[in-house]
Amino acid sequence: MNDSLTDDTQASDKGSYSFSTCWNIRRQPGGRAMIEEIAALGFRRVELNYNVTREMLKEIEPMIERGEIGVSSVHNTFPHMPDPDYGTDSLLLGFADEARRRKAVSLLVESADYAHRYGGEAVVVHPGEVPIDHAVVKHLEKLYHSEGRESEAYRAAWAEFIERRQSEADVYLQRIIASLDEACNLAASKGLNVRFGIETRSRPNQMPTLAEAKTVIEALRGAPVGIWYDTGHAIMMDRLGLYDSVGEMDGLMDHIVGVHIHETIGLSDHWCPYVHSGDPRFYDAYLPVIERAGTKVYELKAACLPDEIEAGHRMLTDKLAERASKAGHDAARL
């Protein structure tokens, strides 16, 4: 891949925007090289994702201490946990087995400890899922691509899936609420000043939906728990039919901890906004969410080139500036 900006495209200072290490962690096995490559894009802050190892941190931590890079957030489970029970696609906070659930809570608090230590604001949390075999989800995705969402085959498969999901979800949701409550209490006892953002996920059996996020936040009102709105994942779930990614945000806009910025092509995510879809307007629907998010993080795949990252950021920030200007003019007329 071309890992540099062209001569006629200079990296702009990205200010408070952050950038996830998921972009280059596979390409840069060393922590310093990984962070330096991101900093060269103009980012002053990073989100340390769940594949960052303790070995990488030996190089990254001195950079944080010297002020060479800031940390906006870490992504649970952090640092990297090779045990799949505590990976990104797991029951995690919803385990029925009490020992596993308590370990998941402990690991989440450890992630919060790292975020606090590094000056980060938040922990990105994958709460859990309804344990429906991944083959069922892959079948739905295959039907979506081959037959279309309005086809009889897709509708029948989706109806069967959603009936099962709805019948099983509540028990896992209640465990997730209890686990987050424990994590918040433990974090408070340690004096950790971070928020927990439960992330919109990329598979329909994963939790939370937007309605489930509301349930969690209302149950833990007053706790440092909100939604981490992953725009690309939300778009995918909207396309599959799980929820209305824009319309169902009513009641959640005041509870956005952070946002992952990326766009989708079909059901393929982590592309640069506007640039790879070629659509100059579709992603505009997600600008209000990005505006409201305190922590704004680009979460892009390795295929995104520096020039494309720069172009996407300029388009996004230009559009946000236009919205702010219009809002100011409208307020002045009142």
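Owing to the predicted nature of the structure, the values given are computational and were not obtained by experimental measurement. Along the sequence shown, residues are numbered consecutively beginning with 1. Heavy-atom basis, side chains included; hydrogens, waters and symmetry copies ignored.
Residue pairs meeting the ring-ring contact (aromatic ring centres under 6.0 Å, His included) criterion with at least one partner in residues 168-226, sequence neighbours excluded, do not occur; the list is empty. The salt bridge (charged side-chain N to carboxylate O under 4.0 Å, His left out) contacts involving residues 166-181 comprise R164-E168, where partners must be two or more places apart or lie in separate chains. Applying the salt bridge (charged side-chain N to carboxylate O under 4.0 Å, His left out) test to every pair with at least one member in residues 69-95, sequence neighbours left out, gives these pairs: D85-R100, D89-R201, D89-R203.
Of all non-hydrogen atoms in N49 and S20, the two that sit nearest each other are CB-OG, 3.9 Å. Closest approach of M315 to V275, counting heavy atoms only: SD-CG2, 4.4 Å. For the pair S151 and G148, the tightest heavy-atom approach, listed with the atom from each and the gap, is OG-O, 2.8 Å.
Between the side chains of Y298 and H313, at least one donor-acceptor pair of N or O atoms lies under 3.5 Å.
No more than 12 heavy atoms of other residues, nucleotides or ligands sit less than 6.0 Å from atom NE2 of H139. No more than 12 heavy atoms of other residues, nucleotides or ligands lie within 6.0 Å of CZ in R26, so this atom counts as exposed by the packing criterion. Shown here is D250, whose CG atom has no more than 12 heavy atoms of other residues, nucleotides or ligands within 6.0 Å.
Residues passing the side chain to side chain contact (heavy atoms under 4.5 Å, CB included) test with E55 are T53, K58, sequence neighbours excluded. Remark: A169 engages V130, R165, M207, E212 in a side chain to side chain contact (heavy atoms under 4.5 Å, CB included) (not counting sequence neighbours). Partners of D133 under the side chain to side chain contact (heavy atoms under 4.5 Å, CB included) rule, at least two apart in sequence or in another chain, are A135, V136. With sequence neighbours excluded, the residues satisfying ring pair (Phe, Tyr, Trp, His ring centres under 6.0 Å) with H126 are H75. Every residue two or more places apart in sequence or in another chain was checked for a side-chain hydrogen bond (donor to acceptor under 3.5 Å, both in side chains) with E160, and none qualifies. With sequence neighbours left out, the side chain to side chain contact (heavy atoms under 4.5 Å, CB included) criterion links S245 to Y229, A234, D238, Y243, Y286.
Comment: R101 engages E98 in a salt bridge, judged by a side-chain N to carboxylate O separation of less than 4.0 angstrom.
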Output side-chain donor-acceptor pairs under 3.5 Å for residues 251-261, partner residues at least two apart or in another chain, one line each.
{"from": "D254", "atom 1": "OD1", "to": "R292", "atom 2": "NH2", "distance (Å)": "2.2"}
{"from": "H260", "atom 1": "ND1", "to": "E199", "atom 2": "OE2", "distance (Å)": "3.2"}
{"from": "H260", "atom 1": "ND1", "to": "W228", "atom 2": "NE1", "distance (Å)": "3.4"}
{"from": "H260", "atom 1": "ND1", "to": "D230", "atom 2": "OD2", "distance (Å)": "3.1"}
{"from": "H260", "atom 1": "ND1", "to": "E299", "atom 2": "OE1", "distance (Å)": "3.2"}
{"from": "H260", "atom 1": "NE2", "to": "E47", "atom 2": "OE1", "distance (Å)": "3.4"}
{"from": "H260", "atom 1": "NE2", "to": "E47", "atom 2": "OE2", "distance (Å)": "2.8"}
{"from": "H260", "atom 1": "NE2", "to": "W228", "atom 2": "NE1", "distance (Å)": "3.4"}

Under 3.5 Å donor-acceptor pairs involving side-chain atoms of residues 108-125, not counting sequence neighbours:
{"from": "E110", "atom 1": "OE2", "to": "R54", "atom 2": "NH2", "distance (Å)": "3.2"}
{"from": "S111", "atom 1": "OG", "to": "N76", "atom 2": "OD1", "distance (Å)": "2.8"}
{"from": "S111", "atom 1": "OG", "to": "F78", "atom 2": "N", "distance (Å)": "3.0"}
{"from": "S111", "atom 1": "OG", "to": "F78", "atom 2": "O", "distance (Å)": "3.3"}
{"from": "S111", "atom 1": "OG", "to": "L107", "atom 2": "O", "distance (Å)": "3.2"}
{"from": "Y114", "atom 1": "OH", "to": "R54", "atom 2": "NH1", "distance (Å)": "3.0"}
{"from": "H116", "atom 1": "ND1", "to": "N193", "atom 2": "N", "distance (Å)": "3.0"}
{"from": "Y118", "atom 1": "OH", "to": "E61", "atom 2": "OE2", "distance (Å)": "2.5"}
{"from": "E121", "atom 1": "OE1", "to": "T295", "atom 2": "OG1", "distance (Å)": "2.6"}
{"from": "E121", "atom 1": "OE2", "to": "R45", "atom 2": "NH1", "distance (Å)": "2.4"}

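With K296 contributing its side chain and I290 its backbone, the two residues share a donor-acceptor pair below 3.5 Å. Although no hydrogens or angles enter the test, the distance criterion places a donor-acceptor pair under 3.5 Å between the side chain of T231 and the main chain of H262. Between the side chain of E248 and the backbone N or O of D244, at least one donor-acceptor pair lies under 3.5 Å. Under a 3.5 Å cut-off, the side chain of E129 and the backbone N or O of N205 do not form any donor-acceptor pair.
Linking Ile, Leu, Val, Met, Phe, Trp and Tyr whenever their side-chain heavy atoms come within less than 4.5 Å puts F282 and M237 in one cluster.
Applying the under-4.5 Å side-chain rule to Ile, Leu, Val, Met, Phe, Trp and Tyr, the cluster around Y50 consists of that residue alone.
Looking at M56 and I25, their side chains come closer than 4.5 Å, going by heavy atoms from C-beta outward.
To the nearest 0.5 angstrom, T317 atom OG1 is 6.0 Å from Y17 atom OH.
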